[in-house]
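Data first, discussion second: the structure below is written as structure tokens.
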Amino acid sequence: MLIPQELVLKAKNKLGDRAAFIIAESLQLKEFDEKHLKALCPFHKEDTPSFIWNAKDNCYHCFGCNRNFGILDLYMYQGLTYLEAVEKLFQETCIEFRFGERHVKTKREYKYPKPETNTDRSKVNEYMATRKISPETLDYCDIKEDKDGNIVFNYYDTNDVLAMVKYRPARKLKHGEAKCWCQKGADTTPLLFNMNRIDPSQPLLICEGEIDCLAAIESGFKNAVSVPFGAGNYNWIEENWDWLEQFNKIIIWADADEAGIKMKKNIIPRLGEWRCYEVEAPTEYIKDNKTIYIKDINEVLYYYGKEKVLECINNAKEIPIKNVIDLYDVTDFDIKSEEGVYSGFQELDKWIYKFFFGCVNVITGLNGGGKSVLINQMCICEPLNQGYDVFVFSGEIPQRQLKHWIELCMTGRYFITMEGNHVRKIDPQAKKQMREWYKGRIYLYDNDKDYTVTSILNRMEELARKKGVKVFVIDNLMMVDLECNTESLWQKQKEFVVKLVNFAHKYNVLVHLVAHPRKIEAIRRLTKLDIGGSGDITNLAHYVMAIHRYTRKEKEGIKNNKGGYKVPPVEYDCVLDLFKNRVTGTQDKELQLHFDKTSYRFWSNLDELDKVYKWCKNPPANKLPDPRENNLPDFMKG
């Protein structure tokens, strides 16, 4: 349930300075000055009152420890959730609002977890004390202990419904031991831990683990949540999208390791750079002349104390101004660790290493030259197999036909039966397993009434931010409505490609753009200069390549008068030309390819032809015959 913030603000304003007296009485503030509404801060030791009421923001602010504390904080401090606190505030101020959905289990097919009933928490209390987490903080976050002495983390949705339960041993973990697990027999959903105790009008702190969240709360910053399944899982963004959109300021405190750096890089563009702040925390602690490396919030709490944790959060830095950066701050380019997608062709990957995120690849080819096969295999199936979701704008190919071609490539010839030269039957069990694997991972543009640049880019941005899609295919440039007349066509093409480059960089994604060649006098291999439209298309792209299907004459060769060949015959079906490769510099290379009629795959060796994608849980052990063998029936030959 999302409560309109204007109603909450209205209630706070209506309560006004009365809230200062309610808080003062409830917390029994010392040296409370009723006239100037100030007192000694109840959250840290001080001799001079610095806990002062701010009528504009309807809260106390401590100028000693920088803590803010308003009426909703008081109610949640007393044990209420955010929803319960707002309901109490509305009752106090006679604001009408229906809270009818509270505690309602809204997912019909969802297997909700059962609450742990064990009342003893001694082992958890003892272990958490070694992590500097108090029983009061554990009570606040509803931390339990199961019958085996494990820590129980209860995840509630915004209706205060228990929707997921996670466990962790209440002791130091052994090497290789499972760090955490979810309740058996119950479903899981990527909620944020502690989200039902969060005030959307205040800055939100997002950290990696539940204990880090507890450390922030222990230190005095209670508007903190943690991600549910580790730094590398971003499903929580889509699941909690509407809830996250309420916040004007989001503070990110990820772990100081490679996974944490990657997490920040991926979530900040999706959450919105304009409202995100990064925490700069100490990464080491010197003790007895030894350096102890610090990774997370809990370790900062342990070694430096509560005040340091609060200081780090309150001094979080804005994301730097766009388009301006100190060269000193630019991270090193490490080709091995840079994120991207391998093409799936071993020789091509030797030249480009991979298609790196933040880049645009332009693909061209004549009609019937193999562009669609290449795109389905290299730009859709391969990214999926490597764990990246894909968006496809296909202006010319009907969706049913596109689905059939993609599934053939994804299936592979192990699971396809040929009936004649054209009818291919995919094994039903394989098809079911494969579709379950790619469900929710391939998004097709579905608005044939609006092919405008504006509409397509809006959908792409929404998918990048909300769904975390990493690979985008535009097939093809001619089908995109550039919203211009013929006189300004080339300029608008340039502007579109510039937008694609900026989009790829902003969201750290990969864009494949199909551009048709200009009209040529005869069927032949293309050059970079044959790409139709503005020359800026290839100038702006990071990669440029063309696919050429060999003609019958090229495959037969041209004989000379001596019984040999003036032009030798070609044994391959297609050739992929790499014209441009801005990242590694290797270019002007050609990759000879066979085409497999059964699986609609290109291949240069048998490993590529018979690659089994990850949808298949039990890959076949047997080897299939080489399609180049002369004794095979025609339908099995390349």
Original post:
Is it the case that Lys105 places NZ or CZ above or below the six-membered ring of Tyr112, under 6.0 angstrom from the centre and within 45 degrees of the axis?
Top reply: yes
Original post:
When you look at Trp615 and Phe415, which way does the ring-ring contact (aromatic ring centres under 6.0 Å, His included) test go after all the steps?
Top reply: CA-CA 12 Å; Trp615 63 262; Phe415 305 98; 5.2 Å; yes
**OP:** Could you tell me which non-hydrogen atom of Met164 sits nearest to which non-hydrogen atom of Phe229, and how far apart they are?
**Re:** SD-CZ, 3.5 Å
Original post:
So does Arg601 pair up with Asp596, basic N to acidic O under 4.0 Å?
Top reply: no
Original post:
Is it the case that Lys317 places NZ or CZ above or below the six-membered ring of Tyr277, under 6.0 angstrom from the centre and within 45 degrees of the axis?
Top reply: no
**OP:** Give a yes or no on whether the backbone of Ala541 and the side-chain of Arg582 come within a donor-acceptor separation of less than 3.5 Å.
**Re:** yes
Subject >> Basic-acidic side-chain contact under 4.0 Å: Glu339, Lys354 >> reply: no
Subject >> Neighbour count above 12 (heavy atom, 6.0 Å) for Asn248 CG >> reply: no
Original post:
If we only count heavy atoms from C-beta on, is the Leu374 to Ile363 side-chain gap below 4.5 Å?
Top reply: yes
Original post:
For Lys425, does the NZ atom sit with more than 12 other heavy atoms under 6.0 Å from it, leaving out its own atoms?
Top reply: no
Subject >> Check: Phe357 ring centroid to Tyr507 ring centroid under 6.0 Å >> reply: no
Subject >> Donor-acceptor contact below 3.5 Å, side chain Asp187 vs main chain Lys111 >> reply: yes
Subject >> Stepwise side-chain hydrogen bond (donor to acceptor under 3.5 Å, both in side chains) test for Tyr155 and Thr189 >> reply: CA-CA 9 Å; Tyr155 278 68; Thr189 188; over 6 Å; no
Original post:
Taking it one step at a time, do Trp253 and Ile206 satisfy side chain to side chain contact (heavy atoms under 4.5 Å, CB included)?
Top reply: CA-CA 6 Å; Trp253 191 339; Ile206 297 178; over 6 Å; no
Original post:
Under a 4.0 Å N-O cut-off, is there an ion pair linking Lys350 with Glu347?
Top reply: yes
**OP:** Before accepting this row, confirm whether a basic side-chain N of the pair Glu278/Lys264 lies closer than 4.0 Å to the acidic partner's carboxylate O.
**Re:** yes
**OP:** Evaluate whether atom CZ of Arg270 has more than 12 neighbouring non-hydrogen atoms of other residues, nucleotides or ligands under 6.0 angstrom away.
**Re:** yes
Original post:
Would one find more than 12 heavy atoms of other residues, nucleotides or ligands at under 6.0 Å from atom NZ of Lys580?
Top reply: yes
**OP:** Output yes when Lys467 and Asp389 qualify as a salt bridge under the 4.0 Å nitrogen-oxygen rule, no when they do not.
**Re:** no
**OP:** Would you please test Thr81 and Asp160 for side-chain hydrogen bond (donor to acceptor under 3.5 Å, both in side chains) and show each step?
**Re:** CA-CA 8 Å; Thr81 66; Asp160 288 340; 2.7 Å; yes
Original post:
Would you say the ring centroid of Phe355 lies under 6.0 angstrom from that of His512?
Top reply: yes
Original post:
Can you list the steps and then say if Val480 with Tyr451 is a side chain to side chain contact (heavy atoms under 4.5 Å, CB included)?
Top reply: CA-CA 5 Å; Val480 177; Tyr451 282 0; 5.9 Å; no
Original post:
Got more than 12 heavy atoms from elsewhere within 6.0 Å of NZ, Lys589?
Top reply: no
**OP:** State whether the number of non-hydrogen atoms from other residues, nucleotides or ligands found under 6.0 Å of Ile523 atom CD1 is greater than 12.
**Re:** no
**OP:** Test side chain to side chain contact (heavy atoms under 4.5 Å, CB included) on Leu366 and Arg549 and set out the steps.
**Re:** CA-CA 8 Å; Leu366 297 172; Arg549 180 179 180 181; over 6 Å; no
Return a table of donor-acceptor pairs under 3.5 angstrom between the side chains of residues 399-406 and protein atoms on other chains or two or more places apart.
residue, atom, partner, partner atom, Å
Gln399, NE2, Asp446, OD1, 3.1

Original post:
Run the ring-ring contact (aromatic ring centres under 6.0 Å, His included) check on Phe503 and Phe472 step by step: do they pass?
Top reply: CA-CA 10 Å; Phe503 170 78; Phe472 294 80; 5.0 Å; yes
**OP:** Salt-bridge test for Lys611 and Glu382: reply yes if a basic N is under 4.0 Å from a carboxylate O, no otherwise.
**Re:** yes
Original post:
Do Glu245 and Arg275 sit within salt-bridge range, that is, some charged N less than 4.0 Å from a carboxylate O?
Top reply: yes
Original post:
So, for Phe602 and Phe345, is the gap between ring centers shorter than 6.0 Å?
Top reply: no
